Amino acid sequence: MALYKVIGAVALLTLLTHESHSQLNVCGITRLNTRIVGGQNAPPGNWPWQASLQTSGGHFCGGSLINREWVLTAAHCFPSIPASLTVSLGLQSLQGPNPNGVSRTVTKVIANPNFNAITYDNDLCLLQLSSPVTFTDFIVPVCLAAPGSTFFSGVSSWVTGFGAIASGVYPPLPVNLMEVNMPIVGNRECNCDFGVGSITNNMICAGLRAGGKDSCQGDSGGPLVSKQGSRWILGGIISFGNGCAQPNTPGVYTRVSQYQSWINSQITSSQPGFVTFTSTGTDSDLSISCAGLPPPPTTLPTTAGFFHHCSDECVLQGFRVHTLSP
């Protein structure tokens with residue numbers, strides 16, 4: 001990862017409007033993460049929904065726990081289904097003891113049927129675990145951004161993963177889970193960076209104009225989260241990019257708020273908690289223009305995005321590479 005990186009029921013219902021009520025009693029609340037900023041290594045329990053997808057060859061992609069039996073990740077992590085596939089949760093390190101970690105095999109891999117392996121549109125996938133996990137301080141599901149969520153340019157976001165710490169150096173992976181804080185980049189600006197039309201409404205971007213902070217190889221499928229009130233909300237899934245941490249080249253993520261209907265159609269019981277993330281102020285992305293970019297909408301503010309973070313497995317398939325660097 002690039003690191004230049006109830007209260008009462010009435011109050012809860014006031015905070016969480018237009019949301020699913022299945023996992024809302026637990027999702028996105030971390031007892032061990034009360035910080036606003038942090039360093040390269042993520043302290044234990046900071047990101048308790050972080051998953052490591054592993055085969056017999058070790059870690060290859062990230063993911064996010066969304067209830068006791070399901071993990072949300074990227075479709076591009078599965079150009080084929082590996083014979084041996086496990087999900088590890090509660091890990092602080094890929095090496096040595098992990099006293100808070102648990103592992104499950106995977107019984108179902110459900111890629112979004114509209115995933116486009118060329119454009120990376122609709123880059124998301126659900127994994128069903130072989131048995132439910134028990135929630136602890138170190139294993140907690142994340143809330144998901146509900147339809148209608150707005151992530152304006154500059155909204156603070158955090159990206160986490162076990163991927164490469166710089167472009168072109170995967171493997172080896174870092175030992176510890178890494179974290180990086182960076183702002184959302186509006187879809188209009190992101191389209192100007194990547195080429196108008198490459199970033200769709202199903203994408204969201206994040207990064208610094210100067211570069212230096214990003215996700216990278218091996219981080220694919222992992223979370224991009226923002227905090228609202230006491231809850232962390234999954235706004236994006238690490239999808240792709242142009243190298244890692246390059247100037248004027250944000251990372252591109254799958255926009256989670258576009259997929260509540262599809263996710264709930266696959267998970268029929270104990271559905272994930274969806275929370276509407278609402279940005280305040282004015283979206284500066286509406287003032288962005290470049291050659292070929294249509295004028296901004298005159299009604300609702302929007303943000304969109306596009307590019308990818310690929311594991312070594314999908315690099316072999318000839319896909320574009322993007323990863324999580326320090």
Side-chain angles (χ1 to χ4, degrees), residues 1 15-16 18-30 33 42 46-53 61-75 77 87 89 112 122-127 133 135 139-152 155-161 177 179-184 201-206 215 219-239 251-264 266-267 270-279 303-305 309 324:
M1 160 173 319
L15 174 66
L16 305 173
H18 302 100
E19 297 143 12
S20 158
H21 294 279
S22 47
Q23 294 290 299
L24 287 179
N25 59 329
V26 291
C27 75
I29 297 176
T30 57
N33 182 356
N46 249 31
W47 313 109
W49 41 82
Q50 176 74 48
S52 168
L53 311 189
C61 270
S64 300
L65 185 71
I66 59 174
N67 72 5
R68 294 186 189 276
E69 292 187 74
W70 291 87
V71 165
L72 185 61
T73 185
C77 288
V87 171
L89 297 158
N112 186 280
N122 304 300
D123 187 12
L124 74 163
C125 181
L126 286 166
L127 306 179
V133 296
F135 297 154
I139 300 176
V140 174
V142 69
C143 299
L144 305 185
S149 293
T150 56
F151 291 87
F152 288 174
V155 165
S156 177
S157 65
W158 286 86
V159 178
T160 54
L177 179 65
E179 63 180 21
V180 61
N181 180 224
M182 52 192 173
I184 296 295
N201 290 331
N202 298 322
M203 303 172 186
I204 186 171
C205 302
S215 53
D219 293 318
S220 289
L224 175 144
V225 295
S226 296
K227 196 172 188 181
Q228 179 169 264
S230 61
R231 295 179 186 272
W232 290 93
I233 301 170
L234 185 72
I237 300 166
I238 299 170
S239 183
V252 184
Y253 303 77
T254 305
R255 188 178 288 265
V256 172
S257 60
Q258 297 286 78
Y259 298 99
Q260 180 173 356
S261 294
W262 180 74
I263 291 171
N264 283 347
Q266 304 301 318
I267 302 176
S270 188
Q271 292 179 328
F274 284 87
V275 176
T276 302
F277 187 93
T278 304
S279 299
T303 47
H309 298 252
L324 189 52

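Just the heavy atoms: all of them, side chains too, but no hydrogens, waters or symmetry mates, feed the values below. Note that the coordinates shown come from a computational prediction; the quantities given were computed from them, not determined experimentally.
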task: Report the C-alpha distance between Leu144 and Gln260 in whole Å, list the side-chain angles of each, state the deciding distance to 0.1 Å, and finish with yes or no for side-chain contact (heavy atoms from CB on, under 4.5 Å).
output: CA-CA 8 Å; Leu144 305 185; Gln260 180 173 356; over 6 Å; no
*Heavy-atom side-chain proximity of Trp262 to Leu126 below 4.5 angstrom*: yes
Note: Ile184 and Phe151 closest approach over all heavy atoms is CG2-O, 3.7 Å
When rounded to the nearest 0.5 Å, the distance separating CH2 of Trp49 from CD1 of Ile139 is 13.0 Å
Looking only at heavy atoms, the pair that brings Ser226 and Ser156 closest together is OG-O, 2.9 Å
Problem set entry | Close side-chain approach of Leu127 to Leu53, heavy-atom, < 4.5 Å | yes
In this structure, OG1 of Thr73 is separated from CG of Leu124 (nearest 0.5 Å) by 9.5 Å
Kindly indicate whether the side chain of Ile66, heavy atoms from C-beta on, has any atom under 4.5 Å from the side chain of Ile267.
yes
Quiz prompt | Contact check, side chains of Asn264 and Phe274, non-hydrogen atoms, under 4.5 Å | solution = yes
CG (Asn67) and CD (Gln23) are apart, to the nearest 0.5 Å, by 5.0 Å
Val140 meets the side-chain contact (heavy atoms from CB on, under 4.5 Å) criterion, sequence neighbours left out, with Pro48
So CZ of Arg255 and SG of Cys205: to nearest 0.5 Å the spacing works out to 8.0 Å
Sequence neighbours excluded, the answer for ring pair (Phe, Tyr, Trp, His ring centres under 6.0 Å) partners of Tyr259 is none
Minimal heavy-atom distance between Asn201 and Gln258, with the atoms involved, is O-NE2, 3.3 Å
Do any N or O atoms from the side chain of Thr254 and from the backbone of Asp123 form a donor-acceptor pair under 3.5 angstrom? yes
Closest heavy-atom pair, Val155 versus Ser279, reported as atoms and distance to 0.1 Å, is CG2-OG, 3.5 Å
Nearest heavy-atom approach of Ser64 to Leu234 is OG-CD1, 3.8 Å
Side-chain contact, heavy-atom cut-off 4.5 Å: Trp47 with Thr30?
no
Taking the side chain as C-beta and beyond, is there a heavy-atom pair between Ile263 and Pro272 under 4.5 Å?
-> yes
Between Val275 and Ser149 the two heavy atoms that sit nearest each other are O-OG, 3.7 Å
query: Any chance the side chains of Glu69 and Ser270 put a donor and an acceptor closer than 3.5 Å?
result: no
Is the shortest side-chain heavy-atom distance between Arg68 and Phe135 below 4.5 Å?
yes
Rounding to 0.5 Å, atoms CD1 (Ile204) and CD1 (Ile237) come to a distance of 11.0 Å
By side-chain contact (heavy atoms from CB on, under 4.5 Å), Ile29 pairs with (sequence neighbours left out) Arg231
*Should Ile233 and Val225 count as side-chain neighbours, where that means a heavy-atom distance under 4.5 Å?*
no
Verify whether one side chain among Asn122 and Asn202 offers a donor that lies under 3.5 Å from an acceptor in the other. yes
Rounded to the nearest 0.5 Å, the CZ atom of Phe277 sits from the CH2 atom of Trp232 at a distance of 10.0 Å
Distance SG-SG for Cys77, Cys61 less than 2.5 Å: yes
